[in-house]
Each structure stands twice: as structure tokens, then as C-alpha cells.
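Notes follow the structure.
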Amino acid sequence: MLAAASGWNEHCCSLDQLFSLATQLDFMIDANYKPKLRAWLFSLNPWSSAFNTIIPSLLTTKLEDLGLHTSLCDWISNFLTRVRVGNCASSTLTLSTGSPQGCVRSPLLYSLYTYDCTATSSSTIIVKFADDTIVMGLISDNDERAYLEEIKHLENWCQENNLLLNVSKTKELIVDCSKKQERHYQPVRISGTTVERVDSFRYLGVHNSQDLSWSLHTNSLAKKARQHLYHLRRLRDFRLPSKVLRNFYTCTIESILMGNITVWFGNSTKQNRQVLQRVVRSAERITHTELPDLQTIYYKRCQTKARRIVKDPTHPNNRLFSLLRSGRRFRSLKTKTERLRSFFPQAIRALNRGN
């Protein structure tokens with residue numbers, strides 16, 4: 001099982017979080033694939049005013065439970081209650097809640113403050129990144145109790161820790177593998193308000209659909225990239241050099257098409273890739289230069305990212321890259337279906353081809 005990365009971690013960026021989420025789902029589908037019995041429910045739960053809700057006394061208790069030395073806990077408590085500028089220090093001010101905004105320590109303290117927000121069932125997973133939380137539940141034989149209880153547990157945990165779930169931004173998405181007629185699931189309610197059920201939601205810049213396809217995401221990227229082709233044509237009409245046109249393409253159009261490409265490109269269809277490739281060909285005709293295709297860029301970025309993870313033993317997903325006895329090739333991830341085509345299996349193949 002993948003390690004769930006948290007926000008504001010030097011070893012885990014938003015891209016790593018998307019890797020974990022996509023591959024986590026693929027692993028669950030691969031291990032439990034029974035189309036007539038299985039469904040996956042997602043709840044995206046954003047927290048409101050994250051830094052402003054930290055209770056210093058409760059944070060100190062949690063730090064002591066984690067094994068931090070008492071002197072360090074006292075220093076953090078002092079940090080949250082006194083301001084120092086140079087040699088001048090303010091008088092002690094007891095704060096009931098909150099951590100300084102814009103301070104480099106606040107994100108770390110917030111991550112430590114929420115460390116004990118974990119799943120309570122083997123059929124549910126909680127994935128946290130910054131102030132966003134995703135609850136994933138595996139539904140078998142129409143039994144939703146564990147999933148609904150996990151949502152209730154999360155709501156109670158938030159109340160105990162002075163955190164407020166933003167229900168208006170909370171969405172629920174259902175991935176139903178059953179080929180039978182549509183089944184009815186109990187609505188999720190938080191603080192008496194029913195959570196909106198959607199066909200897709202946007203998480204860290206990537207559109208996730210209930211059919212597990214990337215059509216919505218690739219169409220969104222293509223639409224956004226085509227809007228910048230107009231500016232590229234205008235620059236061409238001003239007879240700017242091809243080098244300038246290519247630089248503009250790389251900065252404004254290619255950067256859109258390549259956004260988080262290592263997350264979704266491996267599972268995209270031929271039609272999805274053609275939609276994006278048509279934008280590249282249009283740019284080639286405008287700039288009169290040959291531009292790199294998406295497959296080449298994806299392959300290189302997979303290799304680059306995989307090598308960074310392999311070289312970093314502290315990365316949460318470093319253990320997925322294990323060498324064979326030869327010491328030259330990496331062990332492929334075992335799967336039961338062809339669904340597992342997300343970053344990690346693709347990255348292992350890329351590294352093995354490079355070796």
C-alpha cells in the first residue's frame with residue numbers, strides 16, 4: 001500500500017500526492033476487482049481557515065505524544081505566544097487558537113496538528129494534502145456502513161480539534177464498477193447538510209471523473225491551450241524570430257499540456273492523446289519549427305521523477321522501486337488486471353528500458 005503524502009513536506013509535492021491518489025485507487029481496483037460487487041466512494045473535504053484553528057495547548061499535547069522533548073514543545077508553545085523582532089520581545093500573549101500566517105513553521109505545525117486524522121477501517125483510506133482531505137471507501141455487497149462511519153468519525157475528529165469542514169466545497173464522487181442498473185447510495189450529511197454528489201471534481205489541478213477516464217481533463221487542457229494559440233499567431237504576424245515563438249510556446253502552451261502529465265498520460269486513451277497532439281501540430285505550423293511530441297516528454301519526465309524517488313530513501317514511495325537480484329533492473333509491480341497503468345508501473349518500465 002502506498003504511503004499517503006501530506007502537505008508541506010519537502011519530500012512530497014502536489015505531484016507526489018496525485019501519484020499516491022491515482023495509484024492507490026488502481027491498487028484497490030486491481031486487488032478487489034469484482035464488477036458486480038464493488039464501488040468506490042470519494043469525499044473531498046476542504047478545511048476552513050486551517051492555520052487559524054490550531055489550538056496551541058492541544059498541539060503541545062500531540063507533540064509530546066509523538067515523543068518530542070519537553071524543551072522543544074515549550075519552545076514551540078513560546079513561539080505561538082510571543083513575538084520577537086531583533087533584541088526586542090513582546091509581552092507574553094496567551095492565544096486560544098491560531099498560528100502565524102506567512103511563517104515557514106506554520107505549515108509544519110499544521111501537519112503535525114493533523115497527524116492523528118487517520119482511517120479507522122480497512123476498507124477506507126484518508127488521503128491528506130495541506131488543508132484538503134479525501135476519504136476513499138470500498139463498498140462491497142452494498143454495505144456502506146464503514147464508509148459512512150468514517151465520514152462521521154472525520155466530522156467528530158474535526159469538532160474535537162477545532163477544525164471546520166467547508167461543506168459547501170465538499171463533494172462526493174461514486175465510481176461504480178457494476179454493469180447492472182444504477183444503484184442508490186445513501187447521501188452523506190455533514191453538520192446536517194447533504195454533501196453534493198458530482199460526476200467529477202478537480203483536485204490539485206487534475207479533473208477526476210467517475211468513469212476513471214481522462215477525457216474531461218485532456219479536453220480541458222486542450223481548450224485552455226488553444227486559447228493561447230491566438231497570441232502565438234499574433235507574435236508570428238509581427239515577424240518575431242522562430243526562437244522567440246518557440247520560447248513562447250514552451251512557456252504558455254506546452255506548460256499547460258504538460259501539467260502533471262506523469263499522473264494521467266499513462267492511463268489516457270489514444271483519442272485523448274490525439275486531442276492534445278492536434279494542439280502541438282497547430283503550434284508547429286504557426287512557428288514553422290518541429291516541437292517535441294507528448295509521448296517523448298512523458299517518457300523523459302517519468303524517468304527523471306523515478307530517478308529522484310529512487311535516490312531519495314526518505315521518499316514515502318521509495319520502497320516501490322526494488323531491484324532484482326541482478327542489481328540492474330527494477331522489479332515490476334504484480335497486478336491481476338490491466339488497470340494498473342499509473343505512474344509507478346510506467347516509471348519502472350521506463351527505468352528498465354533505460355538500463
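The side-chain heavy atoms of Tyr299 and Leu294, taken from C-beta on, include no pair separated by under 4.5 Å. Side-chain atoms of Val135 and Ile151, non-hydrogen and from C-beta on, do get closer than 4.5 Å to each other. Between Val275 and Gln271 there is no side-chain heavy-atom pair separated by less than 4.5 Å. Looking at Ile348 and Arg331, their side chains never come closer than 4.5 Å, going by heavy atoms from C-beta outward. Side-chain contact between Cys117 and Lys128: present, with at least one pair of heavy atoms (C-beta onward) separated by less than 4.5 Å. By the 4.5 Å heavy-atom criterion applied to side chains, Thr120 and Glu150 are counted as neighbours.
When the side chain to side chain donor-acceptor pair (under 3.5 Å) test is applied to Arg273, the partners found at least two apart in sequence or on another chain are Ser268, Gln295. For the side-chain contact (heavy atoms from CB on, under 4.5 Å) test, residues two or more places apart in sequence or in another chain that qualify with Gln227 are Lys223. Remark: Arg145 engages Asp143 in a side chain to side chain donor-acceptor pair (under 3.5 Å) (not counting sequence neighbours). Scanning for side-chain contact (heavy atoms from CB on, under 4.5 Å) contacts around Asp199 gives Gln210, with sequence neighbours left out. Remark: Thr118 engages no residue in a side chain to side chain donor-acceptor pair (under 3.5 Å) (not counting sequence neighbours). Listed by chain and number, the residues in a side chain to side chain donor-acceptor pair (under 3.5 Å) with His217 are Trp264 (sequence neighbours excluded). A search for side-chain contact (heavy atoms from CB on, under 4.5 Å) contacts involving Thr304 returns Arg308, not counting sequence neighbours. Looking at residues two or more places apart in sequence or on another chain, you find a side-chain contact (heavy atoms from CB on, under 4.5 Å) between Leu204 and Ser14, Gln17, Leu18, Phe129. Checked against salt bridge (Lys or Arg N to Asp or Glu O under 4.0 Å), Glu284 has no partners two or more places apart in sequence or in another chain. Every residue meeting the salt bridge (Lys or Arg N to Asp or Glu O under 4.0 Å) condition with Asp116, not counting sequence neighbours, appears here in chain and number order: Lys62.
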Could you go step by step and tell me if Thr70 and Glu64 meet the side-chain hydrogen bond (donor to acceptor under 3.5 Å, both in side chains) rule?
-> CA-CA 7 Å; Thr70 304; Glu64 292 175 349; 5.2 Å; no

Worked verdict on Leu58 versus Asn162 for side-chain contact (heavy atoms from CB on, under 4.5 Å) | CA-CA 10 Å; Leu58 182 56; Asn162 196 43; over 6 Å; no

Given side-chain contact (heavy atoms from CB on, under 4.5 Å), test Tyr115 with Leu63 step by step and report yes or no.
-> CA-CA 10 Å; Tyr115 88 95; Leu63 295 178; over 6 Å; no

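For the residue pair Arg197 and Gln186, the shortest heavy atom distance occurs at NH2-O, 3.1 Å.
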All N/O donor-acceptor pairs, side-chain side in residues 242-261, below 3.5 Å, sequence neighbours left out:
| residue | atom | partner | partner atom | Å |
| --- | --- | --- | --- | --- |
| Arg246 | NH1 | Glu290 | O | 3.0 |
| Asn247 | ND2 | Lys243 | O | 3.3 |
| Thr250 | OG1 | Arg246 | O | 2.9 |
| Thr252 | OG1 | Phe248 | O | 2.6 |
| Ser255 | OG | Cys251 | O | 2.6 |

Donor-acceptor contacts under 3.5 Å from residues 187-194 side chains, at least two apart:
| residue | atom | partner | partner atom | Å |
| --- | --- | --- | --- | --- |
| Arg189 | NH1 | Thr194 | OG1 | 2.7 |
| Arg189 | NH2 | Gly192 | O | 2.5 |
| Ser191 | OG | Glu155 | OE2 | 3.4 |

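The main-chain N or O of Val206 is found under 3.5 Å from a side-chain atom of Asn208 such that the two form a donor-acceptor pair. Tyr113 contributes a side-chain N or O that, together with a main-chain N or O of Asn161, makes up a donor-acceptor pair within less than 3.5 Å.
There is no path of hydrophobic side-chain contacts, each under 4.5 Å, that joins Phe321 to Leu324. Follow the hydrophobic side-chain contacts under 4.5 Å out from Leu212 and you never reach Leu216; the two are in separate clusters. Connection of Leu351 to Leu15 is established within a shared hydrophobic cluster, with ILVMFWY side chains joined at heavy-atom distances below 4.5 Å, either directly or through further cluster members.
By the 30° and 60° cut-offs, the orientation of the rings of Tyr298 relative to Phe265 is tilted. His228 and His231 have tilted rings, their planes meeting at an angle from 30° to 60° on a 0 to 90° scale.
Rounding to the nearest 0.5 Å gives a distance of 6.5 Å between CG of Leu59 and CD1 of Ile54. The CG atom of Asn267 lies 10.5 Å from the OG atom of Ser213; values are rounded to the nearest 0.5 Å. In this structure, the separation between OG1 on Thr287 and CG on Leu240 is 12.5 Å, given to the nearest 0.5 Å. Tyr203 OH to Ile134 CD1: the interatomic distance, rounded to the nearest 0.5 Å, is 4.5 Å. The NZ atom of Lys224 lies 8.0 Å from the CG atom of Leu221; values are rounded to the nearest 0.5 Å.
Remark: the Thr269 side chain and the Asn272 side chain contain an N/O donor-acceptor pair separated by less than 3.5 Å.
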